[in-house]
Enquirer: 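Structure incoming, see below.
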Amino acid sequence: MTKVRTRVAPSPTGDPHVGTAYIALFNLAFARQHGGEFILRIEDTDQVRSTPESEQAILDSLRWLGIEWSEGPDVGGPHGPYRQSERGSVYAEHVEKLLASGHAFKCYRTPEELDAMRAARQASDSSMALKPSDLLLPADEAARREAAGAPYVVRMMVPEEGVCVVNDLLRGPIELDWSQVDAQVLMKSDGMPTYHLANVVDDHLMEITHVIRGEEWISSAPKHKLLYEYFGWDMPQLCHMPLLRNPDKSKLSKRKNPTSIMFYERMGFMPEALLNYLGRMGWSMPDEREKFTREDMFSHFDIHRVSLGGPVFDLEKLRWLNSLWLRELDVETFAQRFAQWGLKAERVLPIIPHVQPRVETFSDVVPLAGHFLGGLTQLTPAQFEHRAYDDEKLLTLLQFGLWQLESIRHWSKESIEQSLFPLAKQLDLKIRDFLFPFFIAIAGTPATISVLDSMALLGPDMSRARLRHALSVVVGPVELGKKRLKKLEKDYQQILAAIAAEAAAVTTAE
């Protein structure tokens, strides 16, 4: 009997997502149930957005939760490397096989040609999927572009019509129409593979037997099945888990729910409680009890107990469950766990140099630095009132600031300053006035250490979460509407263009 092997394959392009932990947990539980192996692979083919910091955060956050792997980029294993960026020659070899067999083709279409094709499709209400018959150039034109060294991507051949049947462990046979499947790009013009090629090649070479992933990948399953057929490989058993939802049943998103795993660590949730809660997302213990340990889950796990209804990730429910875990601790253990969370040296020591010059007694520390031990700051709209701007400008300032902070790849005081200060100039605000609402959002008061230092020390997860919370307080109970958001996005793009133009002018002058 083939040994069960499952995997999780996150992309290191931002804060580690609770959805990643959810999928990792179920893959690990399934492997444990069958006496198999669970591995971790880093899908870092997006070289623009991938960062070492994000990869490390993924490893740290999953380990904090109690999810471990037998093979991965940090522990090695017989099927490495486990970072896709280090497997370029493997993908190139397999792309050549597809080209040689006629199952893939070089596509020299320009972005303008592709845009025109899609616009024509949209105008005629046709399927937006572009097929090989749409994309292939006449032989002489293809030869001309090739001779001229024109850039190209490698795309897969796909059927023009018919139905693809994909077998799912939870859903049974799923029928998907080939007319909706485009000639997927397999290798980008920079030589990096897309998710689809790398995913299939890696899963085969790493001997993955079961692919347990989110249901958003169902539409990609025909492409993956076709690639397995083209290579002559057996396809792993697919299992598509239901998506995590916000309380309003929309897809879990950072706008409506904190999604970063490390946010929950900074908030002071017990990892056992968060893992317990994720285990309840679409699954239940045979006796229906709500509080259970990781080992309890593994001992009783059965993938067929997963419900296909979208599980709701409710922060209040998580807080309640966490309170059960906290109250069951004895006093000594509670004190130890609290100290490990809030008073550990690596968290406290960086704060001291900012606080020490400002205090006269130890009791002065908490007013200055209490926000480092807090969660989401208790705020009211009145706290944000300032002579330098009205409500609309305050909203613009906070939203633009959040978007700037979300774009930072390498989080530091310097990168925060470089993101925010040009924005202050474009909004015609003095730095002191510009930073005031950030002080309120982050610390609840301007009477504390530098807000840039605070954000650097709090980290991107908590800093961004507090700004989103501040925005919800400023906007009020009525959510920011699509029309208003669209206008803000348009204005923000104009601001970005102005910042870029000014930076270019400075460079030219130098």
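Quick caveat: nothing in here was measured; it's all calculated off a predicted structure.
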Enquirer: Would you confirm whether Ser54, through its side chain, and Thr51, through its main-chain N or O, come within 3.5 Å as a donor-acceptor pair?
Expert: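 No, Ser54 side chain to Thr51 backbone: no donor-acceptor pair under 3.5 Å.
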
Enquirer: Test your reading of the model: is there a side-chain donor-acceptor pair from Gln404 to the backbone of Ser419, 3.5 Å cut-off?
Expert: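 Checked: pair present.
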
Enquirer: Taking the side chain as every heavy atom from C-beta outward, state whether Leu452 and Ser454 have any pair of such atoms under 4.5 Å apart.
Expert: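 No; the side chains remain at least 4.5 Å from each other.
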
Enquirer: Give a yes or no on whether a salt bridge exists between Arg337 and Glu272, defined as a side-chain N under 4.0 angstrom from a carboxylate O.
Expert: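 Looking at Arg337 and Glu272, the cut-off is met.
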
Enquirer: Specify the closest pair of heavy atoms between His371 and Leu458, including all atoms of both residues, with the distance to one decimal.
Expert: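 Closest approach of His371 to Leu458, heavy atoms only: O-CD2, 4.1 Å.
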
Enquirer: Verify, without hydrogens or angle tests, whether Arg466 (side chain) and Gly375 (backbone) share a donor-acceptor contact under 3.5 angstrom.
Expert: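 The answer is yes, because a donor-acceptor pair under 3.5 Å joins these two groups.
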
Enquirer: With the side chain counted from C-beta on, respond yes when Val312 and Asn246 share a heavy-atom pair under 4.5 Å apart, and no when they do not.
Expert: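 Heavy-atom side-chain distance check fails, nothing below 4.5 Å.
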
Enquirer: If you count every heavy atom of other residues, nucleotides or ligands that lies below 6.0 Å from Asp391 atom CG, does the total exceed 12?
Expert: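 No.
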
Enquirer: Is there a donor-acceptor pair under 3.5 Å between the side chain of Glu86 and the backbone N or O of Arg83?
Expert: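 Absent.
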
Enquirer: Kindly indicate whether the side chain of Leu394, heavy atoms from C-beta on, has any atom under 4.5 Å from the side chain of Pro437.
Expert: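 They are in side-chain contact.
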
Enquirer: Checking Arg484 against Leu395 for the side-chain contact (heavy atoms from CB on, under 4.5 Å) test, could you report, in this order, the C-alpha distance in whole Å, the side-chain angles of both residues, the deciding distance, and whether it holds?
Expert: CA-CA 11 Å; Arg484 197 175 181 190; Leu395 168 63; 3.1 Å; yes

Enquirer: One thing to verify: whether Lys413 and Asp453 come together as a salt bridge, which I'm taking to mean a side-chain N less than 4.0 angstrom from a carboxylate O.
Expert: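 Salt bridge present between Asp453 and Lys413.
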
Enquirer: Do Asn276 side-chain atoms and Glu290 backbone N/O form a donor-acceptor pair below 3.5 Å?
Expert: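 Present.
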
Enquirer: Can you check whether Ser463 reaches Trp411 side chain to side chain, under 4.5 Å on heavy atoms?
Expert: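 A side-chain contact exists here, since the closest heavy-atom pair is under 4.5 Å.
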
Enquirer: With heavy-atom distances below 4.5 Å as the criterion, would you say the side chains of Ser61 and Met262 are in contact?
Expert: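 When only atoms from C-beta onward are counted, Met262 and Ser61 do touch, with a gap below 4.5 Å.
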
Enquirer: Look up atom NE2 in His196 and atom OG in Ser220, then write down how far apart they are to the nearest 0.5 Å.
Expert: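 Output value for this atom pair is 4.5 Å.
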
Enquirer: Please report the interatomic distance OG(Ser412) to CE(Met455), rounded to the nearest 0.5 Å.
Expert: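 The CE atom of Met455 is 11.5 Å from OG of Ser412, to the nearest 0.5 Å.
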
Enquirer: Please determine, by modelled atom types, if Asn257 and Arg468 share a side-chain donor-acceptor pair under 3.5 angstrom.
Expert: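 No pair is found: no donor N or O on one side chain lies under 3.5 Å from an acceptor on the other.
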
Enquirer: Is Asp134 salt-bridged to Arg109, cutoff N-O under 4.0 Å?
Expert: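 Judged by the 4.0 Å cut-off on N to carboxylate O distance, Asp134 and Arg109 do not form a salt bridge.
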
Enquirer: In the structure I gave you, are the side-chain heavy atoms of Tyr195 and Thr45 within less than 4.5 Å of one another anywhere?
Expert: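 Not in contact.
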
Enquirer: Side chains of Asp44 and Ser85 only: does a donor on one sit below 3.5 Å from an acceptor on the other?
Expert: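 Asp44 vs Ser85: donor-acceptor pair found between side chains.
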
Enquirer: Looking at Leu405, is its backbone amide N or carbonyl O close enough to the side chain of Arg464 to form a donor-acceptor pair, meaning the two atoms are under 3.5 Å apart?
Expert: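 Yes.
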
Enquirer: Just do the side-chain contact (heavy atoms from CB on, under 4.5 Å) check on Leu252 and Leu243 with the steps written out, would you?
Expert: CA-CA 8 Å; Leu252 186 67; Leu243 288 177; over 6 Å; no

Enquirer: Is there a donor-acceptor contact under 3.5 Å from the side chain of Arg213 to the main chain of Ile23?
Expert: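 Such a contact is absent between Arg213 side chain and Ile23 backbone.
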
Enquirer: Show, in sequence, the C-alpha distance, side-chain angles and deciding distance for Phe38 and Trp69, and conclude whether the ring pair (Phe, Tyr, Trp, His ring centres under 6.0 Å) test is met.
Expert: CA-CA 5 Å; Phe38 168 67; Trp69 44 95; 7.2 Å; no

Enquirer: Let's go through Leu485 and Glu489 carefully: what are the C-alpha distance in whole Å and the side-chain angles of both, what is the deciding distance for side-chain contact (heavy atoms from CB on, under 4.5 Å) to 0.1 Å, and is it a yes or a no?
Expert: CA-CA 6 Å; Leu485 186 60; Glu489 288 172 343; 3.9 Å; yes

Enquirer: Determine, stepwise, if the pair Arg87 / Tyr82 fulfils side-chain contact (heavy atoms from CB on, under 4.5 Å).
Expert: CA-CA 8 Å; Arg87 298 172 62 83; Tyr82 293 92; over 6 Å; no

Enquirer: Do side-chain atoms of Asp15 reach the backbone of Ser260 as a donor and acceptor pair under 3.5 angstrom?
Expert: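 Judged by distance alone, no pair lies under 3.5 Å.
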
Enquirer: Return the minimal non-hydrogen interatomic distance between Ala29 and Met297, and the atom names on each side.
Expert: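 Heavy atoms only, the tightest pair is CB-CE, 4.4 Å.
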
Enquirer: Please check if the side chain of Arg409 supplies one atom and the backbone of Val48 the other of a donor-acceptor pair under 3.5 Å.
Expert: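 Indeed, once roles are kept as given, a pair shorter than 3.5 Å links the two residues.
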
Enquirer: So which atom in Phe26 and which in Leu278 form the shortest heavy-atom distance, rounded to 0.1 Å?
Expert: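 For Phe26 and Leu278, the tightest heavy-atom pair comes out as CE1-O, 3.6 Å.
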
Enquirer: Can you tell me if CZ on Phe421 sees more than 12 non-hydrogen neighbours from other groups inside 6.0 Å?
Expert: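 More than 12 heavy atoms, drawn from other residues, nucleotides or ligands, come within 6.0 Å of this atom.
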
Enquirer: Is it true that, when you exclude Gln47 itself, more than 12 heavy atoms of the residues, nucleotides or ligands shown sit nearer than 6.0 Å to its CD?
Expert: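 Check passes, neighbour count above 12.
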
Enquirer: Given 3.5 Å as the limit, does a donor-acceptor pair link the side chain of Tyr492 with the main chain of Thr396, or not?
Expert: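 It does not hold such a pair.
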
Enquirer: Taking everything shown except Gln122 itself, do over 12 heavy atoms lie less than 6.0 Å from its CD?
Expert: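 Counting neighbours around CD of Gln122, 12 or fewer heavy atoms of other residues, nucleotides or ligands fall under 6.0 Å, so no.
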
Enquirer: Would you say the side chain of Glu43 lies within less than 4.5 Å of the side chain of Arg41, judging by non-hydrogen atoms?
Expert: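 Answer yes - side chains close enough.
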
Enquirer: Can you tell me if NZ on Lys344 sees more than 12 non-hydrogen neighbours from other groups inside 6.0 Å?
Expert: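 Enclosed: over 12 neighbouring heavy atoms sit under 6.0 Å from NZ of Lys344.
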
Enquirer: Say whether Ser363 and Thr361, considering side chains only, have a donor N or O and an acceptor N or O under 3.5 Å apart.
Expert: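 Judged by distance alone, the side chains do pair up.
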
Enquirer: Thr293 versus Trp325: any side-chain heavy-atom pair under 4.5 Å?
Expert: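 The answer is yes; the side chains approach within 4.5 Å.
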
Enquirer: Rounded to the nearest 0.5 Å, what separates atom CD1 in Ile440 from atom OG1 in Thr377?
Expert: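 Ile440 atom CD1 to Thr377 atom OG1 measures 9.5 Å (nearest 0.5 Å).
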
Enquirer: Quick one: are the ring centres of Tyr277 and Phe313 less than 6.0 Å apart?
Expert: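 Here the rings of Phe313 and Tyr277 have centres that are less than 6.0 Å from each other.
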
